[in-house]
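Just below is one structure, and these are the notes that go with it.
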Amino acid sequence: MFDPGKVQTLLLAVFGLVVIVVGIALAAGAKRGQYSETARVGFNTLVAIVIVAVGMGAIGFAAFGHKVLTALGVSG
């Protein structure tokens, strides 16, 4: 009834979207810091960027799969 490959791709895409939302929420929360906490705000923003990048990578892999790995020179 369900193609396991397509279900896995869909779950990976949903995971990517959730990770992006978490990253955006973390970045939005970082702006609330006081100026005396610049280092903490900067670190929170950096972590948020990494989290969003992981989410974008998951979505990109779900959408393009093997083509991405081949373009990066990784045989899968």
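Because only heavy atoms are used, hydrogens play no part in the values below, and waters and symmetry mates are left out as well, while side chains stay in.
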- Message: If hydrophobic clusters are built from ILVMFWY residues whose side chains come within less than 4.5 Å, do Val54 and Phe43 share one?
- Response: yes
- Note on the structure: Besides Val21, the hydrophobic cluster formed by Ile, Leu, Val, Met, Phe, Trp and Tyr side chains linked at under 4.5 Å, directly or via other members, contains none
- List, by chain and number, the other hydrophobic cluster members for Val52, where Ile, Leu, Val, Met, Phe, Trp and Tyr join if side-chain heavy atoms come within less than 4.5 Å, directly or indirectly. Leu17, Ile20, Ile24, Met56, Ile59
- For the student: nearest non-hydrogen atoms of Ala58 and Gly16, plus distance: CB-CA, 3.9 Å
